[in-house]
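Report on one structure; see the data block that follows.
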Amino acid sequence: MRRVAPPLAWLVLLLGAAWLMPVLEPLFGALAPDRGTVIYPRASFLSLLGEHLAIVGVAATMAIVIGVGAAIVVTRPAGSEFLPLVSQLASIGQTFPPVAVLALSVPALGYGPKAVVVALVLYGLLPIVRNTLAGLKAVDRGVVESARGIGLSPGQVLWQVELPIAAPAILGGIRTSVTINIATAAIGSTIGANTLGDPIISGIVNNNIAFTLQGAVLIGLLAVTVDSAFSRLG
């Protein structure tokens with residue numbers, strides 16, 4: 001119970017903040033006294049939170065499948081020659097600005113969440129690939145040979161020996177990737193995706209610090225909640 005208490009506390013705080021944001025109107029009114037509207041009006045914060053989580057969740061799932069899968073392939077004898085290529089492609093994906101990826105994705109995928117998912121997948125691959133490679137390479141070869149010696153097939157060695165040993169490193173990469181992309185997903189609001197970036201973008205455009213602060217607080221709470229949950233999985 002103690003392990004789940006902190007993530008649950010952060011989750012309650014996050015949901016409470018999203019639900020009760022209109023109650024805080026006097027506080028935000030004090031921050032932006034010259035604004036008639038200080039609570040973001042176009043969508044409920046709970047719906048923005050849900051759509052933000054959905055986009056990040058889809059992108060994270062794809063990045064995990066691609067990143068872990070690619071790392072496994074290049075650490076097998078048959079795929080070892082592609083190791084430098086996979087590492088370089090993962091590095092390029094994160095160094096390429098997400099805004100540029102969005103701009104390039106929109107003509108092919110249109111405005112909305114699809115282009116955002118593509119950008120987040122590319123941006124989130126590097127920590128997953130790097131940590132999976134590091135975790136698999138750190139597995140003691142003697143342990144692997146012992147597993148083979150008792151008759152385990154290569155697939156069984158991977159699933160029953162290598163991946164369980166490498167799991168903490170892999171989970172660390174996933175944790176970093178997801179936490180980064182929770183913040184990065186906010187830029188999806190610039191191309192029509194509904195995320196917690198909506199009030200931030202609206203606040204910037206309208207010079208309304210109250211809107212900007214509302215989106216930033218909820219994104220921060222979401223990132224802390226997810227990071228806290230991952231810390232309990234290790």
Side-chain angles (χ1 to χ4, degrees), residues 1-8 10-11 52-96 101 113-114 116-182 184-185 222-234:
M1 187 62 185
R2 290 181 179 177
R3 290 180 62 84
V4 300
L8 282 177
W10 283 113
L11 178 60
H52 194 106
L53 268 175
I55 290 173
V56 173
V58 170
T61 300
M62 295 176 64
I64 291 168
V65 171
I66 296 171
V68 175
I72 289 173
V73 169
V74 299
T75 52
R76 305 304 98 183
S80 58
E81 60 185 282
F82 296 102
L83 175 58
L85 176 62
V86 168
S87 298
Q88 290 168 5
L89 288 176
S91 298
I92 291 173
Q94 191 167 65
T95 56
F96 210 77
V101 177
K114 291 182 180 179
V116 183
V117 168
V118 170
L120 294 183
V121 169
L122 292 176
Y123 204 60
L125 276 175
L126 181 60
I128 296 175
V129 171
R130 279 189 174 174
N131 278 43
T132 304
L133 288 174
L136 290 174
K137 289 180 178 179
V139 177
D140 193 310
R141 292 298 95 187
V143 174
V144 173
E145 291 303 322
S146 297
R148 290 172 181 167
I150 63 174
L152 295 184
S153 67
Q156 290 174 319
V157 172
L158 173 64
W159 287 101
Q160 298 179 27
V161 179
E162 293 182 88
L163 286 178
I165 294 175
I170 297 172
L171 187 62
I174 295 172
R175 176 181 179 179
T176 300
S177 175
V178 173
T179 304
I180 290 173
N181 275 346
I182 285 173
T184 307
L222 177 57
V224 172
T225 301
V226 172
D227 188 70
S228 179
F230 271 112
S231 71
R232 295 303 183 242
L233 295 176

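Side chains included, hydrogens not; waters and symmetry mates left out as well; all remaining heavy atoms used.
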Practice problem: Tell me, with the steps shown, if Glu145 and Asp140 meet side-chain contact (heavy atoms from CB on, under 4.5 Å). | Solution: CA-CA 9 Å; Glu145 291 303 322; Asp140 193 310; over 6 Å; no

Just verifying a value: how many Å separate [X] [atom1] and [Y] [atom2], rounded to the nearest 0.5 Å?
X      : Y      : atom1 : atom2 : value
Leu171 : Thr132 : CG    : OG1   : 10.5 Å
Gln88  : Leu83  : CD    : CG    : 9.5 Å
Asn181 : Tyr123 : CG    : OH    : 8.0 Å
Arg232 : Leu8   : CZ    : CG    : 10.5 Å
Lys114 : Ile55  : NZ    : CD1   : 12.5 Å
Thr225 : Leu11  : OG1   : CG    : 6.0 Å

Self-check item: Enclosure of Arg175 CZ (heavy-atom neighbours >12, cutoff 6.0 Å)
Solution: yes

Could you pull out the closest heavy-atom pair between [X] and [Y], with the gap in Å?
X      : Y      : result
Asn131 : Gly173 : ND2-N, 3.0 Å
Ser177 : Gly124 : OG-O, 2.8 Å
Ala78  : Glu81  : O-OE2, 4.5 Å

Check: [Y] main-chain N/O paired with [X] side-chain donor or acceptor under 3.5 Å:
X      : Y      : answer
Ser80  : Pro77  : yes
His52  : Ala185 : no
Ser231 : Ser228 : yes

Would you tabulate the side-chain donor-acceptor contacts of residues 149-169 under 3.5 Å, counting partners in other chains and residues two or more places apart, or write 'none'?
{"residue": "Ser153", "atom": "OG", "partner": "Gln156", "partner atom": "N", "Å": "3.2"}
{"residue": "Ser153", "atom": "OG", "partner": "Gln156", "partner atom": "OE1", "Å": "3.4"}
{"residue": "Gln156", "atom": "OE1", "partner": "Ser153", "partner atom": "N", "Å": "2.9"}
{"residue": "Glu162", "atom": "OE1", "partner": "Arg76", "partner atom": "NH2", "Å": "3.3"}
{"residue": "Glu162", "atom": "OE2", "partner": "Arg76", "partner atom": "NH1", "Å": "2.9"}

Identify every side-chain donor-acceptor pair in residues 60-71 under 3.5 Å, counting partners at least two apart or on other chains, and give the distances.
{"residue": "Thr61", "atom": "OG1", "partner": "Gly57", "partner atom": "O", "Å": "2.9"}

Quiz item: Are the side chains of Leu133 and Ser87 in touch, meaning some heavy atoms are under 4.5 Å apart?
Solution: yes

Quiz item: Heavy atoms, side chains only, cut-off 4.5 Å: are Val73 and Phe82 in contact?
Solution: no

